[in-house]
Amino acid sequence: MAELVSIMLEQYGAVCEIAYDMKGAWEKLAKSTFHVITLDILLQEGSGVSFLQELRSKEATKDIPVVVLSAAANDAR
């Protein structure tokens, strides 16, 4: 899903980076500034909800808009 979203956004001029796990996401967030994050609730080694809570708790990332995408949106409510 990440690659599909990336392809669609790049058609409109967005520059996208993909992190396939939470560790990779935190590494990218430490190195670059992002204007928006898309987040899948179902992460391989953790909860997208937990990731979002941690994202909001940090001063450097608390104001980055997050678009939550998931095939299991009803389960995540």
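Bear in mind that the values here come from a model prediction, so they are computed numbers and not experimental data.
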For residues 27-36, please give each side-chain donor-acceptor pair under 3.5 Å, one per line with the distance, not counting sequence neighbours.
residue: K28; atom: NZ; partner: E17; partner atom: OE1; Å: 3.3

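- Counting side-chain heavy-atom gaps under 4.5 Å among Ile, Leu, Val, Met, Phe, Trp and Tyr, V15 is found in no cluster with other residues.
- Annotation: side chain of D40 is not in contact with side chain of L69 (no heavy-atom distance under 4.5 Å).
- Residues L52 and L39 meet the side-chain proximity criterion, which asks for heavy atoms closer than 4.5 Å.
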Extract all donor-acceptor atom pairs below 3.5 Å that involve side chains of residues 3-11 and protein atoms in other chains or at least two apart in sequence.
residue: E3; atom: OE2; partner: Y20; partner atom: OH; Å: 2.9
residue: S6; atom: OG; partner: E10; partner atom: OE2; Å: 3.3

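- Under a hydrophobic-cluster definition in which Ile, Leu, Val, Met, Phe, Trp and Tyr are linked whenever side-chain heavy atoms come within less than 4.5 Å, directly or via other members, L55 and V68 are assigned to the same cluster.
- The CD atom of E54 sits 8.0 Å away from atom OG1 of T61, with the distance rounded to the nearest 0.5 Å.
- A distance of 5.5 Å separates CZ of F51 from CD1 of I37, quoted to the nearest 0.5 Å.
- The nearest pair of heavy atoms linking R56 to V66 is NH2-CG2, 3.4 Å.
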